[in-house]
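Below is one structure, written out as structure tokens; the observations come after it.
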Amino acid sequence: MKFLLINYIILTILSTDKIIGIWKSIDNNSIKYLDFKVDGNLLQIEEEKTSRMTFKIVDNYLEFTNDNNISEKIFKLDGDTLIIQSILNGNIIKNKFVKERLVL
């Protein structure tokens with residue numbers, strides 16, 4: 001039992017570490033960048049606006065909280081690609097992002 005608990009905690013920490021950083025959209029949607037911060041904050045940069053929200057990882061879901069609204073979206077890391085899935089009007093929408101490397 002202890003092994004399962006320790007394994008779950010380690011996997012949760014590792015998946016959170018992998019998602020931290022700036023992700024650039026490779027799809028033609030309004031979201032251009034996602035900036036996942038270590039403290040659980042997220043900046044969503046769109047064409048004409050920037051919004052702030054908090055996030056946390058629950059199993060294979062990203063839970064977003066913004067102005068008393070909570071939404072969950074399935075996410076998957078496929079190599080260096082982050083895939084976030086949602087359902088809108090019965091259609092599955094997949095948004096793909098690649099990790100941006102900052103050169104200073």
Side-chain angles (χ1 to χ4, degrees):
M1 184 68 178
K2 287 182 182 181
F3 173 74
L4 292 175
L5 181 61
I6 291 170
N7 193 24
Y8 174 76
I9 291 170
I10 290 172
L11 288 175
T12 302
I13 291 170
L14 289 177
S15 64
T16 303
D17 284 347
K18 289 181 181 179
I19 204 168
I20 300 300
I22 299 174
W23 296 84
K24 181 180 180 183
S25 175
I26 57 176
D27 294 326
N28 290 329
N29 60 23
S30 65
I31 300 171
K32 297 300 178 191
Y33 293 94
L34 296 174
D35 185 5
F36 291 93
K37 307 276 188 186
V38 175
D39 62 0
N41 287 312
L42 169 67
L43 288 176
Q44 181 173 299
I45 302 166
E46 299 180 37
E47 289 182 19
E48 297 181 11
K49 67 178 182 173
T50 300
S51 56
R52 293 179 186 270
M53 58 187 77
T54 60
F55 78 95
K56 67 180 178 178
I57 296 175
V58 180
D59 296 327
N60 61 336
Y61 290 92
L62 281 170
E63 183 179 285
F64 300 105
T65 307
N66 182 7
D67 298 330
N68 298 326
N69 294 324
I70 297 175
S71 64
E72 288 184 340
K73 296 182 180 181
I74 297 172
F75 82 98
K76 176 173 81 168
L77 289 168
D78 186 14
D80 65 345
T81 304
L82 170 65
I83 302 168
I84 299 177
Q85 297 180 37
S86 59
I87 298 176
L88 181 64
N89 298 328
N91 297 319
I92 296 175
I93 299 170
K94 290 184 181 181
N95 293 314
K96 296 179 182 178
F97 300 87
V98 292
K99 191 110 181 210
E100 280 290 295
R101 308 266 187 245
L102 295 179
V103 178
L104 301 175

If you link ILVMFWY side chains whenever their heavy atoms are less than 4.5 Å apart, which other residues fall into the same cluster as Val98? By chain and number, please.
-> Ile26
Is there a chain of hydrophobic side chains (I, L, V, M, F, W, Y, each step under 4.5 Å between heavy atoms) that links Ile57 to Ile74?
-> no
Charged N-O contact under 4.0 Å between Lys32 and Glu47 = yes
Verify same cluster id: Leu42, Val38 (apolar side-chain graph, 4.5 Å) = yes
Any side-chain heavy atom of Ile84 sitting closer than 4.5 Å to one from Leu34?
-> yes
Are Asp67 and Asn69 linked by a side-chain donor-acceptor pair shorter than 3.5 Å?
-> no
Does Tyr61 offer a backbone N or O that forms a donor-acceptor pair with the side chain of Asp59 under 3.5 Å?
-> no
Between Phe55 and Asn41 the two heavy atoms that sit nearest each other are CE2-O, 3.5 Å
When every non-hydrogen atom of Ile19 is compared with those of Lys99, the smallest separation belongs to C-NZ, 4.4 Å
Indicate the atoms forming the closest heavy-atom contact of Met53 with Thr65, along with that distance.
-> CB-O, 3.1 Å
To the nearest 0.5 Å, how far apart are NZ in Lys56 and CG in Leu62?
-> 12.0 Å
Sort out for me which residue in Asp27, Ile31, Thr81 forms a side-chain contact (heavy atoms from CB on, under 4.5 Å) with Phe97.
-> Ile31
Are Asn95 and Phe75 close enough that some pair of their side-chain heavy atoms sits under 4.5 Å apart?
-> no
Path from Trp23 to Ile20 over hydrophobic side-chain contacts below 4.5 Å = yes
OG (Ser71) and CD (Glu63) are apart, to the nearest 0.5 Å, by 8.5 Å
Members sharing Ile92's hydrophobic cluster (side chains within less than 4.5 Å) | Ile87
Look at the rings of Phe36 and Phe64 and say which category their plane angle falls in: under 30° parallel, 30 to 60° tilted, over 60° perpendicular.
-> tilted
Once you round to the nearest 0.5 Å, how far does CD of Glu100 lie from CG of Asp35?
-> 11.0 Å
